[in-house]
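Take a look at the structure set out below.
Computed from a predicted structure; not experimentally measured. Counting from 1, the numbers follow the sequence of the chain as shown. Values below: every heavy atom of this structure, side chains too, minus hydrogens, waters and symmetry copies. In each ligand, atom 1 is the first atom listed, and ligand 1 is the first ligand listed.
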Amino acid sequence: MSTALVILAAGKGTRMNSDQPKVLHQIANAPMLVHAMQAGSALDPERTVVVAGHGFDAVRDAVAQYDPAATVVLQAEQNGTAHAVNAARTALAGFEGDVIVLFGDTPFVSAETLHRMVAARAGNAVVVLGFQAADPGRYGRLLMRGDSLERIVEYADATPEERTVSFCNSGVMLASSAQLFDLIDAVKPQNAQAEYYLTDIVGIARARGLSVTAVSCDETETLGINSRAHLARAEAVFQARARDDLLDLGVTLQQPETVMLSFDTVIGRDTVIEPNVYFGPGVTVESGAHIRAFSHLEGCHVARGSIVGPYARLRPGTELSEDTRIGNFVEIKNATIGQGSKVNHLSYVGDATVGEASNIGAGTITCNYDGVMKHHTVIGNNTFIGSNTMLVAPVSVGDNAMTGSGSVITKDVPDAALALARADQVNKPGLAVKLFELLKIKKKKRGEVS
Ligand code: UD1
Ligand code: MG
């Protein structure tokens, strides 16, 4: 059976207290909506429709970035969850499979749970995802009779007795496309909030003699985000899970709770991550690498056997080949470092290509920016860049070449050459002692105490 995904994301999210639409607030450096889409992708959907309203343009752009094939439809006024699903009707025209409805602010439903819902569709017209709530609060309550879900009652409309029920509605629902829209057509806004409730389709289906059931999942999967506090809690949940996944894959995290990961971080087995390392988006680290403490990585690739940090910063476009060494207080940006090359101390290497087995001395800087444009630096193989060399790009240093410490290199250096670009040294015999005496006399005259 083919599946289509409908993600409701039109709400404002007033409690976020933000100018940004709620669903674009990020968890692990991706909008929460993208996490919801990722969750739904477990069902390999044939179509994905996102229902947006508040901040429509921004939501549409974010969706396009993650899944250009997804459709974003406008729900101009938010008249309830059934009204929202109805906004996806045209986008689903001609689709004859099952539709799963997810909420953009409920991003952690697991693949396993979604597959259990699909399995429960056999023999049921509608399947709802519920959970036992520790604190049922204002969630809709699932009223069961045995395995049959009879009705969902919203908190605002529930009797005191119904409010004692702790089996709650997550909002996730599954039904065939035809059945879903047929049932939605019968929904009326006759309730405390005068809204079209999607939850009402359960009672309507039962009244028509259709079978409805609920599948239960752990409460952590249905974590809804309505405030900054919820967002912080969701981040913690994501991080804890992502760290556990890495440990299971054979990555060593010396102090897991101090390592921050992104939604797309990939790390190979037998890599060791020391404490306090930050992985921004777009990082892949191969097997057998070592990322030392307090390093910050984003948009980069680290090949096997490389050692990075402590206190290294790898910015977007960094490509470290095998067995490289990037040491403390080194920043690399948009640069390829060849196999076995070392940049061990206090350097900036940006917009550069470094060959194999080269050594970049402490304090070296590629001066890549002239105030208007960026320029490239090329360094060859087996080359030695002396400490505190300024490489004024565009410039190249050949294979087996050297630069003298403190050089300001403005012209290309041929293969095998030694480039010296600094003032010649002059020694004046005895002058240091004389100068000391002069300075001491000067100080005494000023009446200063040494
Ligand atoms: C809803 C459920 C409730 C469930 C709870 C779980 C209904 C009537 N109630 O209540 O049973 O326990 O979620 O969190 O379905 N949205 C739109 N357009 C609208 C209305 C909502 O896109 O017109 C989106 C919101 O952006 C949000 C989701 O639908 O992502 C849920 O809406 P919300 O207003 O939060 O519903 P709840 O009152 O929490
Ligand atoms: Mg809600």
Side-chain angles (χ1 to χ4, degrees), residues 5-16 18 20-25 31-37 39-40 49-56 59-60 63 72-89 100-109 126 128-133 135-143 149 151-158 162-163 165-173 175 180 183-184 187-204 214 216-217 219-227 230-231 234:
L5 198 61
V6 172
I7 302 183
L8 306 191
K12 188 170 179 202
T14 312
R15 282 191 281 158
M16 293 302 284
S18 172
Q20 223 191 148
K22 174 163 83 170
V23 290
L24 295 188
H25 283 267
M32 64 174 93
L33 174 62
V34 166
H35 289 267
M37 290 169 75
V49 184
V50 176
V51 180
H54 283 280
F56 180 84
V59 171
R60 185 195 50 205
V63 169
V72 183
V73 298
L74 176 68
Q75 185 200 18
E77 271 179 67
Q78 284 77 52
N79 294 331
T81 44
H83 183 255
V85 174
N86 201 47
R89 190 189 286 250
I100 186 132
V101 178
L102 299 180
F103 289 173
D105 63 356
T106 310
F108 294 142
V109 183
V126 181
V128 173
L129 181 63
F131 61 101
Q132 285 296 340
D135 171 17
R138 305 189 63 83
Y139 285 118
R141 306 298 207 264
L142 301 186
L143 307 180
L149 175 60
R151 202 158 56 88
I152 305 179
V153 62
E154 288 304 292
Y155 177 82
D157 306 300
E162 287 165 341
R163 287 180 182 178
V165 172
S166 58
F167 192 34
C168 290
N169 177 28
S170 70
V172 182
M173 267 195 213
L180 179 67
L183 291 167
I184 283 175
V187 172
K188 304 238 154 47
Q190 285 156 356
N191 49 58
Q193 303 184 85
E195 282 188 358
Y196 293 87
Y197 287 166
L198 183 63
T199 44
D200 281 353
I201 70 168
V202 171
I204 297 167
S216 180
C217 73
E219 192 170 358
T220 55
E221 290 186 37
T222 62
L223 209 68
I225 297 160
N226 298 305
S227 64
H230 292 161
L231 185 68

(message) If the contact criterion is a heavy-atom separation under 4.0 Å, does His83 count as touching ligand 1?
(response) no

(message) If we ignore hydrogens and angles and just use 3.5 Å, is the side chain of Lys22 paired with the main-chain N or O of Ile225 as donor and acceptor?
(response) yes

(message) Checking the N or O distance criterion of under 3.5 Å, is ligand 1 in contact with Leu8?
(response) yes

(request) Any chance you could lay out the side chain to side chain donor-acceptor pair (under 3.5 Å) test for His83 and Glu77, step after step, and finish with the verdict? (result) CA-CA 9 Å; His83 183 255; Glu77 271 179 67; over 6 Å; no

(request) Provide, to 0.1 Å, the distance between atom 15 (O) of ligand 1 and the closest protein heavy atom, together with that atom's residue and name. (result) Thr81 OG1, 2.7 Å

(request) Can you pull out the closest protein heavy atom to atom 1 (C) of ligand 1? Residue, atom name and distance to 0.1 Å, please. (result) Phe103 CE1, 3.9 Å

(message) Regarding ligand 1, does Asn79 bring an N or O atom to under 3.5 Å of one of the ligand's N or O atoms?
(response) yes

(request) Name the option, out of Pro136, Gly80, Gly11, that contains the heavy atom nearest to atom 23 (O) of ligand 1. (result) Gly80

(request) Could you find the nearest protein heavy atom to atom 27 (C) of ligand 1 and give me its residue, atom name and distance? (result) Asp105 OD2, 3.9 Å

(message) Heavy atoms only, cut-off 4.0 Å: how does Glu154 contact ligand 1, side chain, backbone, both, or neither?
(response) side chain

(message) I'd like to check which ligand 1 atoms, numbered from 1 as shown, lie under 4.0 Å from a non-hydrogen atom of Gln78.
(response) 18 (N), 19 (C), 23 (O)

(message) With a heavy-atom distance limit of 4.0 Å, tell me whether Asn226 approaches ligand 1 through its side chain, its backbone, both, or neither.
(response) neither

(request) Check whether any protein heavy atom sits under 4.0 Å from atom 30 (O) of ligand 1. (result) yes

(request) Check whether any protein heavy atom sits under 4.0 Å from atom 33 (P) of ligand 1. (result) no

(request) Using a 4.0 Å heavy-atom threshold (strictly under), name the region of Arg138 that reaches ligand 1: side chain, backbone, both or neither. (result) neither

(request) Could you tell me whether some N/O pair between Ala10 and ligand 1 is separated by less than 3.5 angstrom? (result) yes

(request) Please write down residue, atom name and distance for the protein heavy atom closest to atom 5 (C) of ligand 1. (result) Asn169 O, 3.9 Å

(request) Consider ligand 1: state whether an atom of it lies below 4.0 angstrom from any non-hydrogen atom of Gly224. (result) no

(request) Please confirm whether Ala84 comes within less than 3.5 Å of ligand 1 when only nitrogen or oxygen atoms on both sides are compared. (result) no

(message) Residue-level breakdown please: for Ser170 versus ligand 1, do any non-hydrogen atoms fall below 4.0 Å on the side chain, on the backbone, on both, or on neither?
(response) backbone

(request) To the nearest 0.5 Å, tell me how far Lys188 NZ sits from Ile204 CD1. (result) 7.5 Å

(request) Would you check whether Ile152 has a nitrogen or oxygen atom less than 3.5 angstrom from a nitrogen or oxygen atom of ligand 1? (result) no

(message) Between Asn191 (side chain only) and Glu195 (backbone N and O only), is there a donor and an acceptor less than 3.5 Å apart?
(response) yes

(message) Does Arg163 qualify as a cation-pi partner of Tyr155, given the criterion of NZ or CZ under 6.0 Å from the six-membered ring centre and within 45 degrees of its axis?
(response) yes

(request) Determine, using heavy atoms of Cys168 and all atoms of ligand 1, whether some pair is separated by less than 4.0 Å. (result) no

